[in-house]
Amino acid sequence: FRIIRDVKTQRADFVFYSNRIIRLLVEEGLNHLPVQATSVSTPTDITYNGLKFQGKICGVSIMRAGESMEQGLRDCCRSVRIGKILIQRDEETAEAKLFYEKLPEDIKDRYVLLLDPMLATGGSAIMAVDVLIANGVPVDHILFLNLISSPEGIDAFAKKFPKLKVITGFIDEGLNEQKFVIPGLGDFGDRYYCI
């Protein structure tokens with residue numbers, strides 16, 4: 001986290017180290033999905049008792065920064081379906097506004113990994129979960145994955161969805177007057193895609 005927080009970190013290093021963290025978060029998120037016991041025969045004619053995921057999954061990224069987490073999910077889950085939700089925060093009011101959603105038709109039958117690297121006020125994440133619920137996804141089938149969270153965002157999110165799991169890499173100190181996470185790392189999407 002030190003490297004991606006450093007203002008002097010060049011874009012290539014920011015992307016590389018962010019991707020490493022994202023992959024770890026995705027793998028941890030997958031560990032929280034329901035499994036069932038299953039047996040297989042090994043090449044030595046021994047039965048091995050293991051576990052198998054029960055169900056189907058998909059990723060849903062909150063555009064644009066959440067799209068940075070899609071490859072980490074694809075690296076762990078071949079042919080995974082990806083949905084998109086575009087929610088932007090009004091910089092003056094810090095309120096979230098929904099602009100676009102495109103989700104798999106059968107999303108209500110899937111476990112959803114909601115992807116967004118930053119959880120600040122919680123407004124965008126809460127709105128994204130509301131969109132998923134409106135499309136028939138049970139709240140206990142949603143896991144929210146992010147790199148950095150604020151205590152305020154976690155609190156707002158937990159009050160609205162107390163049974164929804166959040167997998168985060170780091171909980172920061174809080175929010176500043178402009179509602180940005182501090183110490184944070186700046187605008188994740190800009191640093192990942194542009195700077």
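- Val112 and Leu25 are assigned to two separate hydrophobic clusters, defined by single-linkage of ILVMFWY side chains at heavy-atom distances under 4.5 Å.
- Among residue pairs with one or both ends in residues 149-175, those qualifying as ring pair (Phe, Tyr, Trp, His ring centres under 6.0 Å) are Phe1-Phe170, Phe144-Phe157, Phe157-Phe161; sequence neighbours excluded.
- In this structure the side chain of Pro117 reaches within 4.5 angstrom of the side chain of Ser68, judged on heavy atoms.
- With sequence neighbours left out, Ser79 forms a side chain to side chain donor-acceptor pair (under 3.5 Å) with no residue at all.
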- prompt: Step by step, would you call Arg191 with Asp187 a salt bridge (charged side-chain N to carboxylate O under 4.0 Å, His left out)?
  reply: CA-CA 6 Å; Arg191 293 190 72 193; Asp187 186 304; over 6 Å; no
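- Contacts classified as side-chain hydrogen bond (donor to acceptor under 3.5 Å, both in side chains) and involving residues 5-14 (residues at least two apart or in different chains) are given here: Arg5-Asp172.
- Here the side chain of Ser61 pairs no donor or acceptor atom with the backbone of Met63 at under 3.5 angstrom.
- A donor-acceptor distance shorter than 3.5 angstrom exists from the side chain of Glu152 to the backbone of Leu175, with no hydrogens or angles considered.
- In this structure, Gln36 places its CD atom where more than 12 heavy-atom neighbours from other residues, nucleotides or ligands lie under 6.0 Å away.
- Between Leu113 and Leu30 the shortest side-chain heavy-atom distance falls below 4.5 Å.
- The side-chain heavy atoms of Thr121 and Ile126, taken from C-beta on, include no pair separated by under 4.5 Å.
- Taking hydrophobic clusters as Ile, Leu, Val, Met, Phe, Trp and Tyr residues chained together by side-chain heavy-atom distances below 4.5 Å, Ile3 shares a cluster with Met69.
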- prompt: Could you walk me through whether Thr47 and Thr42 pass the side chain to side chain contact (heavy atoms under 4.5 Å, CB included) check?
  reply: CA-CA 6 Å; Thr47 299; Thr42 70; over 6 Å; no
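- For the salt bridge (Lys or Arg N to Asp or Glu O under 4.0 Å) condition, the pairs that include at least one residue of residues 24-34, sequence neighbours left out, are Arg23-Glu27.
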Indicate every side-chain donor-acceptor pair of residues 53-60 with a distance under 3.5 Å to a residue at least two apart or in another chain.
| unit_1 | atom_1 | unit_2 | atom_2 | d |
| --- | --- | --- | --- | --- |
| Lys56 | NZ | Asp106 | OD2 | 3.3 |

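- The line from CD of Glu101 to CG of Leu132 is 8.5 Å long, rounded to the nearest 0.5 Å.
- Counting only heavy atoms from C-beta outward, the side chains of Ile4 and Leu147 approach each other to under 4.5 Å.
- Val129 and Leu98 end up in the same hydrophobic cluster when Ile, Leu, Val, Met, Phe, Trp and Tyr side chains are linked at under 4.5 Å.
- Summarising the geometry of Ile167 relative to Gly29, their closest heavy-atom pair is CG1-CA, 4.2 Å, with the distance given to 0.1 Å.
- Closest approach of Gly83 to Pro104, counting heavy atoms only: CA-CD, 4.0 Å.
- Side-chain atoms of Ser150 come within 3.5 Å of backbone N or O of Ala120 as a donor-acceptor pair.
- Counting heavy atoms from C-beta on, the side chains of Leu143 and Leu114 never come closer than 4.5 Å.
- From Leu73, atom CG reaches atom SG of Cys77 across 5.0 Å, with rounding to the nearest 0.5 Å.
- For residues 115-134, every residue pair satisfying the salt bridge (Lys or Arg N to Asp or Glu O under 4.0 Å) rule, not counting sequence neighbours, is listed here: Asp130-Lys160.
- Each salt bridge (Lys or Arg N to Asp or Glu O under 4.0 Å) pair with one or both residues in residues 71-85, not counting sequence neighbours, appears once here: Glu67-Lys84, Glu70-Arg74, Glu70-Lys84.
- Looking at heavy atoms from C-beta onward, Thr168 lies out of side-chain contact with Leu119 at the 4.5 angstrom threshold.
- Among residue pairs with one or both ends in residues 4-33, those qualifying as ring pair (Phe, Tyr, Trp, His ring centres under 6.0 Å) are Phe14-Phe188; sequence neighbours excluded.
- Remark: the backbone N or O of Val131 is paired with a side-chain donor or acceptor of Asn135 at under 3.5 angstrom.
- For Phe99, the CZ atom sits in a packed shell: over 12 heavy atoms of surrounding residues, nucleotides or ligands are nearer than 6.0 Å.
- The side-chain contact (heavy atoms from CB on, under 4.5 Å) search around Ser41 returns none, not counting sequence neighbours.
- Side-chain contact between Met118 and Asn146 is absent, with no heavy-atom pair separated by less than 4.5 Å.
- Residues Tyr193 and Ile22 share a hydrophobic cluster, clusters being chains of Ile/Leu/Val/Met/Phe/Trp/Tyr side chains in contact below 4.5 Å.
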- request: For side chain to side chain contact (heavy atoms under 4.5 Å, CB included), just list the numbers for Leu145 and Val26, CA-CA rounded to whole Å, side-chain angles, deciding distance to a tenth of an Å, and then say yes or no.
  value: CA-CA 7 Å; Leu145 278 57; Val26 168; 4.0 Å; yes
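- Here Phe180 is tied to no hydrophobic group at all, with no ILVMFWY side chain closer than 4.5 Å.
- Hydrophobic clustering keeps Leu103 apart from Val80 (ILVMFWY residues linked when any side-chain heavy atoms are closer than 4.5 Å, directly or through intermediates).
- Scored by the side chain to side chain donor-acceptor pair (under 3.5 Å) test, Asn49 finds Ser39 as partners (sequence neighbours excluded).
- Here Leu51 sits in one hydrophobic cluster together with Val35; the rule is ILVMFWY side chains under 4.5 Å apart, joined directly or through other members.
- The minimum heavy-atom distance between Ala128 and Ile62, with the atom names listed, is CB-CD1, 3.6 Å.
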